[in-house]
2 protein chains.
Amino acid sequence: MKNSQKKQNVSGADLGVLLNTPAVPMRQPRTTRTTQTIGQILAAAERVFAEAGLAGATMAQLAAACGLPKANLHYYFGTKEALYTEVLQTILTLWLDAADAIHPAASPRAALTAYISAKMAHSRTRPYASKVFANEVLHGAVHLRSYLGLELRRKVDEKAVVIEGWITRGLMDPVDPRHLFFLLWAMTQTYADFDAQMAAVLAVPSLGSADFAVGEALILRLVLRGCGLGHDLKGTDR
Amino acid sequence: MKNSQKKQNVSGADLGVLLNTPAVPMRQPRTTRTTQTIGQILAAAERVFAEAGLAGATMAQLAAACGLPKANLHYYFGTKEALYTEVLQTILTLWLDAADAIHPAASPRAALTAYISAKMAHSRTRPYASKVFANEVLHGAVHLRSYLGLELRRKVDEKAVVIEGWITRGLMDPVDPRHLFFLLWAMTQTYADFDAQMAAVLAVPSLGSADFAVGEALILRLVLRGCGLGHDLKGTDR
DNA sequence: ACAAAAGCTGACTAATTGGTCAAGTTATTT
DNA sequence: AAATAACTTGACCAATTAGTCAGCTTTTGT
C-alpha cells in the first residue's frame, strides 16, 4: 500500500508469445516500457473485470490475462481495488466526451444522431468498458459516487440546458432532457452489456456489425420521432 | 451435495425481531414452515445477490440477511450456486408472463402500452430481481444459457410473429420486432438496474414514483411514435 | 565504471470462505 | 409412547485468495 515508485513495461512481442520468458533483458527506455506495461495491465484488467466483476476477478486471473506475475500487478497498483478504480477511471474519461456533439449551435437532429452514433460505436468497440461500468452501477456505484454526483451530473445539467434551449426555440418537442439521456444510455449500452441475451434470442453465436446497424437505426428512429424530428425519415429502416 | 430432504420454515414474526431466537419451539405443521422458510431465504438472497453478485455474495451474508445459520441454507439448497440458480429461476417465471399483453387480437397501441407499463411496474416493485438478472447476463449468462436460447427465444419468436402480423396488416410501421424488444427491455429495466446513476444525476437520494412516471411516459412516447402509433398523443408528457 | 534507484518475481502468509458433520431438537408415523 | 424422519446448529476443515517480502536484475545518474 506504500506504492510511489515509477513504472515499467514488457514489450508486447516479447511477452504475449512465451509466458515464462526467463529473465530476457530488453533494452528500452524506462518510461516507455513502464507506460506500455501499465496500459497492458489495464487493458487485460478491463476484460477480466467485465467478465467476472470486481469480487469475481482474482489477482491470479488478472495476472494471467496480461501474462505477468501477480506480484507485478501489486507493484504497480498496490491492491486489486486500486487497479479496479484505475480501470474505471480510464473508462470515465473515454465516456464523458461523447456528449460533445450536443451543443447549442447544432441542430437537434444532427446532434442526437451524432450522439447515438458515438455511443453505439463505443458499445461496439469497447464492450468490456461498458460492462465494467454497468457492473459498477448495478452494485450501487460505490466506487463512482463522486463521479456520478459531480462530473457526470454537471455534464448532464449542462447538456440539459442545451436541449431545453432547443425546446423553447421550438426546434424540438418538449421532453425531459435528463430522462432522455437515461434512455439513450440504456438503449445504446444494452448492445454491449446484454449481448449474451441478444445473441441467444437471435440464435447467433455473437452480435455482428449488421445487428448493431439495425439497432442504431431503430434507436435513431424512436428518438428522432419521439422528439418530433422524424418528418423526413427515409423509407423503412427495418 | 446429496440433498433430497423436505423443508422447514421460521415464522416471520418470531424471526425478524430477534436474530438469536434461542431454540424456541414453534408448533406449526411442517410443510407450512418449510415453504415459508424457503421463501424467506429466496427473498433475502435476491437482495443480497442483487447487491453483491454471485461471486461477491458470501454464505455468511446470505445467512445473516434471512436471520438463519449458514448451515441451514446449505441444508435447503446444498451449494451457493444452487441457491443462486433457484433465485434466478424464480425471477424467470415472473418475467416471461409480462409479454402476454402482446397478442394478435390486441391493437398495437394498447398492447405496447400495457407491456411497457407492466415492465415498468416490475422495475419499480422488484428492482432486485431485475438486478440479479442483469448481473447474470452481463457476466455471460452462464447460468441462463438454456433459458435464453430456448424459452425466451421461443417467446420472442412468437411475439415477433404477432408484431409482424400487425405490420403486414398496416396497423403499425415496419420495425424489427426483436430489436424493438431489446430496446423495450433496456429502457424499462434501466430504471431498476441503473437507479444509482439516475439518483446521482437527478441529485435525489433515490428514485421516486414521480421519476418512474416521467420515464414511463417518455418511453411510451418514443415507442409509440417510433412505431407510427403516436398520432393522437395528448399534450406534452414532459 | 559504479552506486543508487527502479523494476521484477517466486515463495510465503494470514484471513476469508464454501462446505461438512455430528449431535441435538422437533414433528410425524405407527 | 416409542421409533423414525425431518429439521437445526455450532464447531470445524480444506481450499482459495489478497497481499507481502527478500533478493534478484536492469536501468539511470554521475
Side-chain angles (χ1 to χ4, degrees), chain A residues 1-11 14-15 19-38 40-41 45 48-49 52-64 66-84, chain B residues 1-11 14-15 19-38 40-41 45 48-49 52-64 66-84:
Chain A
M1 250 129 175
K2 57 287 181 74
N3 279 50
S4 45
Q5 311 96 328
K6 298 290 140 48
K7 290 81 177 282
Q8 207 261 15
N9 142 37
V10 178
S11 117
D14 290 351
L15 181 76
L19 288 198
N20 297 349
T21 28
V24 176
M26 28 208 163
R27 303 276 157 148
Q28 265 186 67
R30 197 87 100 174
T31 50
T32 308
R33 298 182 53 213
T34 288
T35 51
Q36 267 184 43
T37 298
I38 288 192
Q40 210 165 80
I41 295 174
V48 175
F49 281 132
L54 169 57
T58 69
M59 290 303 285
Q61 276 176 47
L62 289 160
C66 58
L68 257 47
K70 225 180 48 168
N72 221 312
L73 308 202
H74 277 109
Y75 175 73
Y76 284 114
F77 297 95
T79 68
K80 183 169 81 159
E81 222 174 291
L83 170 55
Y84 177 74
Chain B
M1 249 127 172
K2 57 283 180 77
N3 278 50
S4 46
Q5 310 97 327
K6 298 290 141 43
K7 291 77 175 288
Q8 207 261 18
N9 142 39
V10 178
S11 119
D14 289 352
L15 181 76
L19 288 197
N20 295 349
T21 28
V24 176
M26 28 208 162
R27 302 277 157 146
Q28 267 186 67
R30 197 89 97 175
T31 50
T32 309
R33 296 183 52 213
T34 288
T35 51
Q36 269 184 41
T37 299
I38 288 191
Q40 210 163 80
I41 295 174
V48 174
F49 280 132
L54 169 57
T58 70
M59 290 303 285
Q61 276 175 48
L62 290 160
C66 58
L68 257 47
K70 224 179 51 168
N72 222 312
L73 308 203
H74 277 109
Y75 175 74
Y76 283 114
F77 296 94
T79 67
K80 183 170 83 161
E81 219 172 295
L83 170 56
Y84 177 73

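Chain naming here is simple, since letters A, B, ... match the order of the sequence lines and numbering starts at 1 in each.
The distance between atom CZ of A:Phe77 and atom P of D:dA18, rounded to the nearest whole Å, is 16 Å. Atom-to-atom, CG of B:Leu68 to C1' of C:dT25 comes out at 15 Å; the value is rounded to the nearest Å. Distance B:Leu73 CG to C:dC21 C1': 16 Å, rounded to the nearest Å. Taking atom CG on B:Asn72 and atom P on C:dG24, their separation rounds to 18 Å, with Å as the unit. When rounded to the nearest whole Å, the span between CD1 of A:Ile41 and P of C:dG7 equals 12 Å.
Within the 4.5 Å cutoff, the side chain of B:Phe49 has heavy atoms near those of the B:Leu62 side chain. With contacts defined as side-chain heavy-atom distances shorter than 4.5 Å, the pair B:Leu83/B:Tyr76 does not qualify.
Of the possible polar contacts, one joining the B:Lys80 side chain to the B:Leu54 backbone as a donor-acceptor pair under 3.5 Å is found.
Judged as a side-chain contact (heavy atoms from CB on, under 4.5 Å), and not counting sequence neighbours, A:Ala55 has no contacts. For B:Lys70, the side-chain contact (heavy atoms from CB on, under 4.5 Å) test picks out B:Met59, B:Ala63, with sequence neighbours left out.
If you take CG on B:Asn72 and SG on B:Cys66, they are separated by 8.0 Å, rounding to the nearest 0.5 Å.
Candidate nucleotides C:dG7, C:dG10, C:dC21 were compared by shortest atom distance to the side chain of A:Pro69, and C:dG10 ranks first.
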Between the protein and nucleotides 14-18 of chain C, list the N/O to N/O atom pairs that are separated by less than 3.5 angstrom.
residue, atom, partner, partner atom, Å
C:dG18, OP1, B:Ala57, O, 3.3
C:dG18, OP1, B:Lys80, NZ, 3.1
C:dG18, OP2, B:Met59, N, 2.8
C:dG18, N7, B:Lys70, NZ, 3.4

